[in-house]
Amino acid sequence: MALDPTIIVLFGGAGDLVWRKLIPSLFDLQLAGRMPRRFAILAVDRLPFRDDDLHARFLGGVKQFARNQEVRNTDWDAFARRVTYLQGDFKDPATYAKLEARCAQMDAAWKVKAARIFHLATPPAMVRVIPKRLADAGLNRNRARDRIVVEKPLGHDLDSAREMNRTLRQSFDESQIFRIDHYLGKETVQNILAFRFANPLFEPIWNRRYVDCVTITVAEEVGVGHRGNYYERAGALRDMAQNHLMQLLCLVAMEPMVSFDADEIRNKKVDVLHALRPIAPTGIEQFAVRGQYGRGKLHGKSVRAYRQEDDVSPHSTTETFAALKLFVDNWRWQGVPFYLRTGKRLPRQLSEVIIQFRTVPHRSFPAESSRDWHPSRLVLSIQPEEGIVMSFQAKYPGPKMLLRPVEMRFTYQEGFAIPTPDAYETLLWDVMNNDATLFMRADQIEAAWQVLMPVLEAWADSTPRGFPNYAAGTWGPKAADDLLARAGHAWRAGA
Ligand code: BG6
């Protein structure tokens with residue numbers, strides 16, 4: 001499908017996100033032949049930059065971060081020709097006058113009114129400034145063609161998220177606003193919908209009658225790197241649970257959509273958030289566990305404690321690990337616990353959703369067969385493995401009726417011999433295509449904050465006991481295991 005001529009305006013054009021993610025993804029899209037025939041990229045920032053210097057900087061980013069790191073000169077030149085710089089202060093109305101003039105120039109040259117995408121890759125406070133300035137300059141007026149893209153953090157708590165949504169909507173219609181959660185751009189995350197609703201096999205058992213519990217893990221090996229300043233104020237719950245984990249939960253628990261319309265899917269997802277049982281402020285520890293990594297070892301190498309990281313207070317009480325036990329109060333899921341966890345400096349990078357099925361109602365096999373009894377499980381591997389694994393019991397060869405768990409496995413690599421696009425490629429293309437399905441609507445953001453507020457408030461009001469409470473390179477604090485063990489559940493062994 002041919003995309004309309006498009007002007008992509010990158011606020012924060014000299015910053016890290018543009019260099020590391022946006023430009024490399026746009027370049028990959030260009031190589032894949034998926035960019036509009038006519039497009040221009042305008043990087044806006046405060047620093048002085050000549051176009052040539054900007055191109056050199058971007059090329060460095062592409063060579064490091066694009067999927068296609070072997071860059072042919074002809075390809076790069078064809079791309080760089082479309083990229084220009086506009087120096088200006090984000091607060092200064094003059095910047096927007098210049099921007100308006102540049103857009104008008106482009107329209108005149110192309111003899112068409114181009115779509116305009118304003119992507120805010122800026123510090124979060126700018127979301128209070130840029131949309132308003134764009135509106136003052138009339139750059140918001142065309143509802144079909146003018147779009148704004150916002151990155152996380154999407155608020156710091158419920159109040160600030162509401163305020164952010166209000167500010168955005170004073171200048172843009174909800175249909176023009178694209179809030180990014182990059183997890184939704186991942187192929188394996190999108191595949192949850194395909195798997196559930198394109199196959200008749202699993203949907204009939206996808207409910208409380210057959211499912212014992214669901215665990216969702218987003219584990220990271222990395223620490224906070226150079227993001228100590230940001231992370232100190234955020235912590236694991238805000239950084240990962242409010243957005244990525246909640247979105248995974250929605251996709252696993254939602255009701256079937258009636259059509260593939262963006263709002264239909266988002267309605268079904270927000271229903272899940274609304275059905276989440278509120279966590280009572282008393283007894284938070286029954287439902288939420290926090291942790292912070294101390295010194296430890298990863299792949300045989302010593303790594304420092306969170307409190308020793310750059311820009312982190314030596315007395316920090318910020319959590320680098322969070323686990324939650326949630327219930328979805330509706331007919332489908334009543335009584336089924338959903339366990340969510342995320343953490344930094346865990347033994348390996350691993351994102352997965354596990355559907356654990358109930359055991360059979362009656363074990364009719366000889367007693368010795370039961371010794372190694374394992375519940376049937378479906379593992380949706382998000383990353384780094386990308387695929388689906390079904391584990392179930394089978395007869396172990398030999399004279400006796402002994403049972404062992406075995407696996408049926410689908411991997412993307414074997415199933416589809418083509419490279420998987422980066423999440424940002426998918427999302428940027430969707431913005432150009434004006435498809436908001438994979439973006440967060442205002443009500444989703446607020447509903448997700450609402451669920452977490454009791455935990456955030458309780459944690460802010462009390463000093464965590466025993467921080468650091470897990471060594472780097474381990475699977476988090478013991479309390480996270482206890483959270484499941486109390487109901488006879490466990491995280492997956494070794495994960
Ligand atoms: C970001 C968080 O949203 O997601 C980071 O701010 C985290 O702290 C990152 O490292 C993880 O993303 P991915 O795609 O590497 O799993």
Side-chain angles (χ1 to χ4, degrees), residues 1-45 47-88 98-99 101-119 121 145 147 149 178 180 182 185-187 412-413 416-435:
M1 185 189 18
L3 293 171
D4 291 338
T6 304
I7 304 168
I8 301 167
V9 181
L10 303 175
F11 286 95
D16 191 60
L17 184 68
V18 170
W19 172 70
R20 200 166 33 85
K21 277 282 175 208
L22 304 189
I23 290 290
S25 297
L26 290 166
F27 181 68
D28 281 329
L29 281 171
Q30 161 91 342
L31 289 192
R34 300 184 68 203
M35 287 301 282
R37 201 165 64 76
R38 276 178 295 190
F39 74 92
I41 297 174
L42 200 52
V44 186
D45 220 321
L47 305 169
F49 255 113
R50 288 184 321 127
D51 284 350
D52 284 353
D53 296 334
L54 185 78
H55 293 167
R57 174 178 159 76
F58 285 169
L59 179 58
V62 164
K63 285 187 173 163
Q64 225 175 311
F65 301 111
R67 245 184 333 114
N68 301 283
Q69 295 177 353
E70 296 279 316
V71 184
R72 290 198 320 212
N73 287 345
T74 44
D75 291 333
W76 176 251
D77 291 344
F79 181 79
R81 225 180 298 130
R82 323 245 195 162
V83 182
T84 52
Y85 189 67
L86 182 105
Q87 186 189 358
K98 283 191 275 184
L99 179 58
R102 287 268 196 109
C103 290
Q105 257 171 21
M106 228 82 79
D107 285 354
W110 292 341
K111 298 193 181 56
V112 63
K113 282 230 172 292
R116 293 178 290 203
I117 296 172
F118 304 105
H119 195 128
R145 284 198 297 263
R147 291 158 220 165
V149 183
F178 291 74
I180 287 194
H182 78 281
K186 292 182 192 273
E187 287 290 330
Y412 265 78
Q413 230 179 354
F416 305 107
I418 57 160
T420 310
D422 181 79
Y424 264 93
E425 280 176 66
T426 303
L427 296 174
L428 294 174
W429 190 82
D430 280 358
V431 180
M432 291 189 272
N433 198 27
N434 209 8
D435 179 353

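Between Asp4 and Arg145, every side-chain heavy-atom pair lies at or beyond the 4.5 Å cut-off. No side-chain heavy atom of Phe58 sits less than 4.5 Å from a side-chain heavy atom of Phe27. Trp76 is listed as a side-chain neighbour of Leu59, based on a closest heavy-atom distance under 4.5 Å. Within the 4.5 Å cutoff, side-chain heavy atoms of Trp19 are placed close to those of Gln64. Under the 4.5 Å side-chain criterion, counting only non-hydrogen atoms from C-beta, Ile23 is in contact with Leu10.
For Arg20, the salt bridge (charged side-chain N to carboxylate O under 4.0 Å, His left out) partners two or more places apart in sequence, or in a different chain, are Asp16. When the salt bridge (charged side-chain N to carboxylate O under 4.0 Å, His left out) test is applied to Arg57, no partner is found at least two apart in sequence or on another chain.
The two residues Asp45 and Gly15 come nearest to each other via the heavy atoms OD2-N, 3.8 Å. Annotation for Lys21 and Ser25: closest pair O-OG, 2.8 Å, computed over non-hydrogen atoms. Scanning all heavy atoms of the two residues, the minimum distance from Ala14 to Phe49 falls at CB-CE1, 3.6 Å. Between Val18 and Gly13, the closest heavy-atom pair is CG1-O, 3.6 Å. A pairwise comparison of heavy atoms in Trp110 and Ala40 identifies CH2-N, 3.7 Å as the closest pair. Considering every non-hydrogen atom in both Gln69 and Val62, the closest pair reads CG-O, 4.0 Å.
Listed for the Asn433 side chain is no donor-acceptor partner under 3.5 Å among the backbone atoms of Asp435. For His55 (side chain) and Val83 (main-chain N/O), a donor-acceptor pair under 3.5 Å exists by modelled atom type. Of the possible polar contacts, one joining the Asp51 side chain to the Tyr85 backbone as a donor-acceptor pair under 3.5 Å is found. At least one donor-acceptor pair closer than 3.5 Å links the side chain of Asp28 to the backbone N or O of Arg67. Under a 3.5 Å cut-off, the side chain of Lys98 and the backbone N or O of Gln87 do form a donor-acceptor pair.
From Lys186, atom NZ reaches atom OG1 of Thr420 across 11.0 Å, with rounding to the nearest 0.5 Å. Annotation: the span from Glu187 atom CD to Thr426 atom OG1 amounts to 5.5 Å, rounded to 0.5 Å. Here the straight-line distance linking atom CG of Leu427 with atom NE2 of His182 works out to 9.0 Å at 0.5 Å rounding. The CZ atom of Arg116 lies 11.0 Å from the CZ atom of Arg147; values are rounded to the nearest 0.5 Å. One finds the CG atom of Leu17 at 14.5 Å from the CZ atom of Phe11 (value rounded to the nearest 0.5 Å). Taken to the nearest 0.5 Å, the CD atom of Gln413 stands 12.5 Å off from the CD1 atom of Ile418.
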Evaluate Leu31 against Asp75 for side chain to side chain contact (heavy atoms under 4.5 Å, CB included), listing each step before the verdict. CA-CA 7 Å; Leu31 289 192; Asp75 291 333; 3.6 Å; yes

Please assess Phe178 against His119 for the test side chain to side chain contact (heavy atoms under 4.5 Å, CB included), listing each intermediate value before the final yes or no. CA-CA 9 Å; Phe178 291 74; His119 195 128; over 6 Å; no

Would Lys63 and Glu70 count as a side chain to side chain contact (heavy atoms under 4.5 Å, CB included) if you check the C-alpha gap in whole Å, the side-chain angles of each, and the deciding distance to 0.1 Å? CA-CA 7 Å; Lys63 285 187 173 163; Glu70 296 279 316; over 6 Å; no

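Contact check on Arg34 versus Glu425 returns no salt bridge, with no Lys/Arg side-chain nitrogen under 4.0 Å from an Asp/Glu carboxylate oxygen.
No side-chain N or O of Arg38 forms a donor-acceptor pair with one of Thr6 less than 3.5 Å apart.
Among Ile117, Asp107, Leu99, Ile41, the one residue that satisfies the side chain to side chain contact (heavy atoms under 4.5 Å, CB included) test with Ile7 is Asp107.
Relative ring orientation between Phe79 and Phe39 is described as tilted, the plane-to-plane angle lying within the 30° to 60° band.
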